[in-house]
Peer 1: 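Below: one structure in structure tokens.
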Amino acid sequence: MESKETEVDPATSLPFPKTIRFKSPETPPLTLIGLGVHTVGVSVLKVQAYAVGFYADTHEADLRGVAENLRVGWLIKNRTVAIRLAPTRYASFNHLRDGFVRALQGRLAGADTTPTPSLSVEDQISINDSIGKLKALVPSPNLQGRTPFYLVSSPFVEPRKMEIPPLDGEIRRAWVGVQFMQAYFKSGAPSAAMKQSVQEGVNKL
């Protein structure tokens, strides 16, 4: 369920509910922390592909003792968080799926400025299996314009899971849920605007 109270992305004019609730009793109400647009293409040929919002369970989240540059990571590791994607027009699920997979494979390969923690061969095989499951979960048809698509990561289930509510799918692998969310806040993030907006929002908590 999405709240009627919304915040509008200034670049796309797409509204984002300020709070969301899912059917799962394990998922608490989530609050919008920040949002922004993801563009594709280069220079003057850039096209607005979708707007993206970051949500988190902020209930009793006391971040005063956490450094400002670490607060987003703290929420991702310790709270239920979600990404909400809203395409500006018909969007290819293939494009979204391939972006998800590239982000996780990049994190797995340590191709980020922050090195991936050391993983055993068994861990890497298991993670690759989970990435393959994610790829299989996302269908081929297009996603209708302005139709929201959610991905939710929750630490309150063991093993930690990442849910895709619109597809009734989930992946129970802690590394996947954490690293997928963190990919939105590292160098080369899909939406620089959302990254900045979230940093500003989390510093107000």
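Side chains are part of it too, since the values below use all heavy atoms of this structure and drop only hydrogens, waters and symmetry mates. Everything numeric in this text was worked out from a predicted model, so none of it was measured.
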Peer 1: Looking only at heavy atoms, which two atoms of Arg21 and Pro29 are closest? And how far apart?
Peer 2: NE-CG, 3.8 Å
Peer 1: Same cluster or not: are Leu104 and Ile125 linked, directly or through other Ile, Leu, Val, Met, Phe, Trp or Tyr residues, by side-chain heavy atoms under 4.5 angstrom apart?
Peer 2: no
Peer 1: Got Lys18 and Thr31 here, is their nearest side-chain heavy-atom distance under 4.5 Å?
Peer 2: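 With C-beta onward as the side chain, the pair stays apart.
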Peer 1: Quick one, Ile131 with Ile171, criterion side-chain contact (heavy atoms from CB on, under 4.5 Å). Give me CA distance, side-chain angles, the key distance, then yes/no.
Peer 2: CA-CA 9 Å; Ile131 293 174; Ile171 296 170; over 6 Å; no
Peer 1: If I compare all heavy atoms of Glu170 with all of Leu137, which pair ends up nearest, and what's the gap?
Peer 2: N-CD1, 4.1 Å
Peer 1: For Asn69, give me all partners under side-chain hydrogen bond (donor to acceptor under 3.5 Å, both in side chains), at least two apart in sequence or on another chain.
Peer 2: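 If we apply the side-chain hydrogen bond (donor to acceptor under 3.5 Å, both in side chains) test to Asn69, skipping adjacent residues, there are no hits.
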Peer 1: Parallel, tilted or perpendicular: which describes the rings of Phe149 and Phe100, with under 30° parallel and over 60° perpendicular?
Peer 2: parallel
Peer 1: Following the transitive rule for hydrophobic clusters with a side-chain heavy-atom cut-off under 4.5 Å over Ile, Leu, Val, Met, Phe, Trp and Tyr, establish whether Trp175 and Val178 coincide in one cluster.
Peer 2: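 The answer is yes; both residues are in one hydrophobic cluster.
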Peer 1: Do you know the tightest heavy-atom contact between Tyr50 and Pro190?
Peer 2: OH-CB, 4.1 Å
Peer 1: Checking side-chain polar atoms at under 3.5 Å, does Asp123 have a donor or acceptor matched by the opposite partner on Ser126?
Peer 2: no
Peer 1: Side-chain heavy atoms under 4.5 angstrom apart, residues restricted to Ile, Leu, Val, Met, Phe, Trp, Tyr: same cluster for Val8 and Leu32?
Peer 2: no
Peer 1: My understanding is that only residues two or more places apart in sequence, or in another chain, count here; which of them pass side-chain contact (heavy atoms from CB on, under 4.5 Å) with Asn78?
Peer 2: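 In terms of side-chain contact (heavy atoms from CB on, under 4.5 Å), with neighbours along the sequence ignored, Asn78 is linked to Trp74.
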Peer 1: Do Ile127 and Arg173 come close enough that some side-chain heavy atom pair is under 4.5 Å?
Peer 2: yes
Peer 1: How close do Lys195 and Lys186 get, heavy atom to heavy atom, and via which atoms?
Peer 2: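 Closest heavy-atom pair between Lys195 and Lys186: NZ-O, 3.4 Å.
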Peer 1: Any link between Phe185 and Val37 through a network of hydrophobic side chains (Ile, Leu, Val, Met, Phe, Trp, Tyr) touching at under 4.5 Å?
Peer 2: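 No; tracing contacts between hydrophobic side chains, which count when under 4.5 Å, never links both residues.
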Peer 1: Quick one: does NZ or CZ of Arg107 land under 6.0 Å from the six-membered ring centre of Phe180, within 45 degrees of the ring axis?
Peer 2: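 The answer is no, since Arg107 fails at least one limit relative to Phe180.
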Peer 1: Apply side-chain contact (heavy atoms from CB on, under 4.5 Å) to the pair Val152 and Thr80, showing each step before the final yes or no.
Peer 2: CA-CA 7 Å; Val152 185; Thr80 299; 3.8 Å; yes
Peer 1: For the ring pair Tyr184 and Phe54, is the centre-to-centre distance below 6.0 Å?
Peer 2: no
Peer 1: With a sphere of 6.0 Å drawn around CD of Gln196, does it hold more than 12 non-hydrogen atoms of other residues, nucleotides or ligands?
Peer 2: no
Peer 1: Between Glu163 and Leu151, does a side-chain contact (heavy atoms from CB on, under 4.5 Å) hold up when you go through it step by step?
Peer 2: CA-CA 6 Å; Glu163 294 180 281; Leu151 297 105; over 6 Å; no
Peer 1: Compare every heavy atom of Val81 with every heavy atom of Ala56, then report the nearest pair and how far apart it is.
Peer 2: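 Closest heavy-atom pair between Ala56 and Val81: CB-CG1, 3.9 Å.
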